[in-house]
Amino acid sequence: MPVPQSVSQLFSLDSLLDEEELAIRDTTRRFAAERIRPHVAGWFEAGTLPARELAAELGGMGLLGMHLEGYGCAGMSATSYGLACLELEAVDSGIRSLVSVQGSLAMFAIHRFGSEEQKQQWLPPMAAGEALGCFGLTEPDFGSNPAGMRTSARWDGGDWVLSGTKMWITNGSVADVAVVWARTDDGIRGFLVPADSPGFSAPEIKHKLSLRASVTAELVLEDVRLPESAMLPEARGLSGPLSCLGEARFGIVFGALGAARDCLETAIDYAGSREVFDQPLAAFQLTQAKLADMALELGKGQLLALHLGRLKDRHELRAEQVSLGKLNSVREAIAIARECRTILGANGITLEYPVLRHANNLESVLTYEGTSEMHQLVIGQALTGESAFR
């Protein structure tokens with residue numbers, strides 16, 4: 001009887017990775033399995049996450065801002081970062097979101113657009129997990145259209161005064177610093193807002209049905225007064241925050257496939273042990289057809305992700321190519337999660353198995369960092385030369 005193969009073996013994916021990439025992947029996988037997996041269903045059910053505790057451990061492993069250079073960051077390749085995201089999201093999208101927001105949004109913004117003083121102050125403790133950051137761009141009425149933001153920053157007596165509201169902010173209520181984007185007389189600019197600033201608050205958003213093992217908050221700025229040095233000096237216009245989003249989307253390209261892999265591995269294991277009509281569920285043709293189709297899409301997605309990782313490591317990755325990866329990975333991952341649920345039957349709706357938890361999380365991943373519709377339009381513009389956003 002043939003020996004069962006994993007999707008990685010079926011596609012010979014390990015042969016495409018070097019020793020360092022394999023080591024980072026395997027180390028992250030062990031940490032996620034031993035430290036996070038035993039607890040994550042309980043966190044999800046309770047709607048909580050020990051974010052600061054986990055951040056310290058993730059920072060100790062060098063996983064926070066791991067693709068950035070200097071200031072205590074690990075300086076790993078983009079592909080290695082992607083593989084780490086995949087392994088973290090194989091346990092839960094909320095864990096990968098914590099890492100993505102910390103490293104690819106908050107830390108990247110400071111690293112790319114901050115002053116030397118800002119980098120020295122924030123990046124080392126953030127890389128170590130001693131300080132947490134969040135990224136305030138999305139507003140209640142302006143999600144896919146950040147150009148319509150209402151949050152403002154006005155110059156007053158030698159200080160900046162920020163007023164406005166941001167919504168759906170991961171890490172918001174546990175962050176030590178918020179990267180907030182606001183409209184000024186000089187266009188859209190970024191600001192570093194310490195969480196203890198008078199007038200700043202971050203009430204946590206409750207009653208979520210998705211990303212429950214993740215901290216999500218609203219940011220409220222009521223005439224928050226900041227010194228001139230709080231502005232990120234190198235960011236002007238929407239290109240600043242959008243470039244940060246591109247970094248986070250890259251992690252999602254890999255990450256969503258981790259959730260899909262975990263669902264598929266769970267379904268294969270379940271089908272092999274569940275007997276129906278006196279034989280394993282895995283022995284039925286329709287079950288094998290489902291598994292084969294899902295394995296094919298997962299493998300294709302991983303090959304695309306690795307290709308995009310190699311392009312990014314060569315500094316050749318374009319925005320529309322990130323959109324290709326994000327659109328494909330999340331769309332296929334959520335389809336795989338839903339299909340795996342059918343194989344598990346009624347057991348698939350319980351937290352004893354991770355499948356519906358992943359499916360619920362992926363409903364959020366489907367729309368954050370750019371909805372599928374937005375990425376379709378980015379790809380459509382690249383193909384036709386015509387913008388259809390308005």
Side-chain angles (χ1 to χ4, degrees), residues 4-11 13-14 24-45 49 54 63 82-100 210-214 251-274 281-282 287 290-303 305-306 328-345 347-366:
Q5 297 183 45
S6 67
V7 172
S8 181
Q9 291 170 323
L10 191 62
F11 281 80
L13 293 174
D14 283 12
I24 291 170
R25 181 200 67 182
D26 293 346
T27 300
T28 307
R29 183 180 297 181
R30 282 194 300 271
F31 170 79
E34 295 170 6
R35 175 65 182 91
I36 303 173
R37 190 176 291 277
H39 310 289
V40 72
W43 295 337
F44 184 94
E45 187 169 26
L49 183 73
L54 284 177
L63 295 178
L83 293 168
C85 286
L86 188 152
E87 296 302 331
L88 293 171
E89 193 149 357
V91 177
D92 194 86
S93 300
I95 310 302
R96 196 268 309 143
S97 293
L98 185 158
V99 171
S100 287
S210 177
L211 286 182
R212 291 180 56 77
S214 178
I252 294 171
V253 173
F254 281 81
L257 299 174
R261 188 194 71 195
D262 194 49
C263 290
L264 183 55
E265 289 178 348
T266 300
I268 292 171
D269 182 68
Y270 183 88
S273 60
R274 177 77 159 96
L281 183 58
T287 303
K290 289 180 179 182
L291 297 175
D293 287 346
M294 290 188 288
L296 181 60
E297 295 307 322
L298 175 58
K300 286 157 59 177
Q302 288 180 292
L303 289 171
L306 285 171
N328 181 73
S329 290
V330 183
R331 186 161 62 185
E332 296 306 325
I334 201 167
I336 288 170
R338 291 167 176 167
E339 189 77 293
C340 287
R341 211 294 284 171
T342 70
I343 293 175
L344 269 69
N347 285 319
I349 71 166
T350 73
L351 279 173
E352 182 179 352
Y353 298 92
V355 174
L356 197 58
R357 173 168 55 81
H358 282 307
N360 282 3
N361 286 337
L362 288 166
E363 289 289 351
S364 291
V365 183
L366 185 69

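These numbers come from a predicted model, not from an experiment.
- Atom CG of L303 has more than 12 neighbouring heavy atoms from other residues, nucleotides or ligands inside a 6.0 Å radius.
- Put simply, the side chain of T28 does not reach to within 4.5 Å of the side chain of L83, judged on heavy atoms.
- Residues satisfying the ring pair (Phe, Tyr, Trp, His ring centres under 6.0 Å) test with F44, not counting sequence neighbours, are none.
- Shown here is E45, whose CD atom has no more than 12 heavy atoms of other residues, nucleotides or ligands within 6.0 Å.
- For the residue pair C263 and C340, the shortest heavy atom distance occurs at O-SG, 3.4 Å.
- Residues that satisfy the ring pair (Phe, Tyr, Trp, His ring centres under 6.0 Å) test with F11, not counting sequence neighbours, are absent from this structure.
- For the side-chain hydrogen bond (donor to acceptor under 3.5 Å, both in side chains) with S364, the qualifying choice from S210, S97, S93, S214 is S210, the only one to do so.
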- prompt: Between L351 and R357, does a side chain to side chain contact (heavy atoms under 4.5 Å, CB included) hold up when you go through it step by step?
  reply: CA-CA 7 Å; L351 279 173; R357 173 168 55 81; 4.1 Å; yes

field: side chain to side chain contact (heavy atoms under 4.5 Å, CB included) evaluation trace for L257 with E332
entry: CA-CA 8 Å; L257 299 174; E332 296 306 325; 5.6 Å; no

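- Considering every non-hydrogen atom in both A256 and A333, the closest pair reads O-CB, 3.4 Å.
- Across every non-hydrogen atom of Y270 and N347, the tightest pair is OH-ND2, 2.8 Å.
- In this structure, T27 contributes its side chain and I24 its backbone to no donor-acceptor pair below 3.5 Å.
- Residues passing the side chain to side chain donor-acceptor pair (under 3.5 Å) test with D14, sequence neighbours excluded: S8, R25.
- Contact annotation: the side chain of H358 never approaches that of R341 to less than 4.5 Å [non-hydrogen atoms, C-beta and beyond].
- Of all non-hydrogen atoms in V355 and T266, the two that sit nearest each other are CG2-CG2, 4.1 Å.
- In this view, E352 and T350 satisfy the side chain to side chain contact (heavy atoms under 4.5 Å, CB included) rule, not counting sequence neighbours.
- I343 places a side-chain heavy atom less than 4.5 Å from the side chain of M294.
- In this structure, CG in L63 is found 12.0 Å from CD1 in I95, a value given to the nearest 0.5 Å.
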Please tabulate, one pair per line, all N/O donor-acceptor pairs under 3.5 Å involving side-chain atoms of residues 31-38, not counting sequence neighbours.
unit_1	atom_1	unit_2	atom_2	d
R35	NE	E57	OE1	2.9
R35	NE	E57	OE2	2.8
R35	NH2	E53	OE2	2.6
R35	NH2	E57	OE2	3.0
R37	NH1	D262	OD1	3.4
R37	NH1	D262	OD2	3.4
R37	NH2	A90	O	3.3
R37	NH2	D262	OD1	3.2

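- Every residue two or more places apart in sequence or in another chain that forms a side chain to side chain contact (heavy atoms under 4.5 Å, CB included) with I268 is listed here: L264, L291.
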task: Check the pair D26, R30 against side chain to side chain contact (heavy atoms under 4.5 Å, CB included), reporting the backbone distance first and the verdict last.
output: CA-CA 6 Å; D26 293 346; R30 282 194 300 271; 3.9 Å; yes

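- Separation of atoms CD (E265) and CG (D269) is listed at 9.5 Å; rounding is to 0.5 Å.
- Salt-bridge check for R338 with E363: passed, with a basic side-chain N closer than 4.0 Å to an acidic carboxylate O.
- R212 contributes atom CZ, which lies 9.5 Å from atom CG of N360 (distance to the nearest 0.5 angstrom).
- In this structure, A260 and L298 approach most closely via the heavy-atom pair CB-CD1, 4.1 Å.
- Between I349 and L356, the closest heavy-atom pair is CA-CD2, 3.8 Å.
- A salt bridge does not link R261 with E89: every distance from a Lys NZ or Arg NE/NH1/NH2 to an Asp or Glu carboxylate oxygen is 4.0 Å or more.
- L49 has its side chain out of reach of V40: every pair of non-hydrogen atoms, C-beta onward, lies at least 4.5 Å apart.
- Here CG of L211 is found 9.0 Å from CG of L362. Values are rounded to the nearest 0.5 Å.
- Looking only at distances, a side-chain donor or acceptor of T287 sits under 3.5 Å from a matching main-chain atom of L281.
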